[in-house]
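Counting convention: from 1, in listed order, for ligands and their atoms alike.
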Amino acid sequence: MRSKIVAGNWKMNKNLEETEILLNELAAKLPDTQAEVMVAPTFVNLTGAVRALESSVIEVIAQNMHFAESGAYTGEISADMLLNIDIDTVILGHSERRAYFGETDEILAKKVATALNKDMRVMFCFGEELNDRKSENHFKVVESQLKNALFSLDGSAWKNIILAYEPVWAIGTGETASPEQAQEMHAFIRKTITEAYDANIADNVSILYGGSVKPANAQDIFGKPDVDGGLIGGASLVADDFVAIISAF
Ligand code: 13P
């Protein structure tokens, strides 16, 4: 059975004090939910976040990692470093990493392989740009992003994969994919995985939607049968908004 997940991607926001305040508020206000709740603060605040949430069900995850085991990669963070501070889930392939830091499908395939070899869970992000949707290439783009980074994996690896479909045109723009657009793409993703692997793998992978999810639209989006939760940016930085989105399940 696939799990329901609501994850907050804090991106490059919140200093140490702000991180502590937000985490305490979230832990105190967390509603009863069947969803797994995750937050991804910045690297410098991960250790503190893990400590602050020790007695909470909220899981701390990382926004990125490098594919190499260790070595001369100035500014980078390895899988072992994350595992060492009790973080075993990592976001990979976010469109901001692809657009601003040159992360290609090839690099992402290496990162995914490293994380899975370390028994980490990967939250793999992908999604088309506005031009792709306007030219009706969105399905093709999504299919190739999945194929290039994930479809060489053994079927058994998929138990540690979470997918996050984030159409680039909906990220931080206030423009959300309609619930119908999200459902259409999520169903297409499951069909593509069924063709590459089998229906069992496709049915059991959690597929999150990301892109301007807010308290006002979360319920409609999460209500769609192939949407298993959300990856939330801006609204995850405000405790009441994030809590309201979690409550939308
Ligand atoms: P927003 O919710 O701010 O649009 O960001 C979505 C996102 O990029 C989450 O990873």
Using a plain distance cutoff, I'd like to know if I232 has any nitrogen or oxygen under 3.5 Å from a nitrogen or oxygen of ligand 1. no
Option passing side chain to side chain donor-acceptor pair (under 3.5 Å) with E128 (candidates Q145, K140, H138, R133): R133
Do the charged groups of K29 and E25 touch, with an N to O distance under 4.0 Å? yes
When you measure from the heavy atoms of A235 to every atom of ligand 1, does any distance fall below 4.0 Å? no
Inter- and intrachain pairs under ring pair (Phe, Tyr, Trp, His ring centres under 6.0 Å), touching residues 30-69, at least two apart: H66-Y73
Protein heavy-atom partner closest to atom 3 (O) of ligand 1 - residue, atom, separation in Å: G234 N, 2.8 Å
Is it the case that more than 12 heavy atoms not belonging to R2 sit under 6.0 Å from its CZ atom? yes
I want to confirm something. Looking only at heavy atoms, which of K214, E175, E166 is nearest to atom 7 (C) of ligand 1? E166
For T176 and A170, which heavy atoms make the closest approach, and how far apart are they? CA-CB, 4.2 Å
Residue-level breakdown please: for I171 versus ligand 1, do any non-hydrogen atoms fall below 4.0 Å on the side chain, on the backbone, on both, or on neither? both
Going by distance alone, is a donor N or O of one side chain under 3.5 Å from an acceptor N or O of the other, for Q63 and H94? no
Check each of I77, T47, L82 against I87 using the side chain to side chain contact (heavy atoms under 4.5 Å, CB included) test, and report the only one that passes. L82
If we number the atoms of ligand 1 from 1 as shown, the ones under 4.0 Å from a heavy atom of G211 are 4 (O), 6 (C)
For ligand 1, which atoms have a heavy atom of G172 less than 4.0 angstrom away? 1 (P), 3 (O), 4 (O)
Please confirm whether S212 comes under 4.0 Å of ligand 1, counting heavy atoms of the residue only. yes
Are A170 and ligand 1 in contact, using a heavy-atom cut-off of under 4.0 Å? yes
Out of G8, G233, G230, who is nearest to atom 6 (C) of ligand 1 when you count heavy atoms only? G233
Below 3.5 Å, N or O to N or O, backbone or side chain included: is there any such pair between G210 and ligand 1? no
Heteroatom distance test (E96, ligand 1): nitrogen or oxygen, under 3.5 angstrom: no
Atom CD of E18: over 12 foreign heavy atoms under 6.0 Å: yes
Side-chain touch F222/P179, heavy atoms, less than 4.5 angstrom: no
Atoms in ligand 1 with a heavy atom of L231 nearer than 4.0 Å: 9 (C), 10 (O)
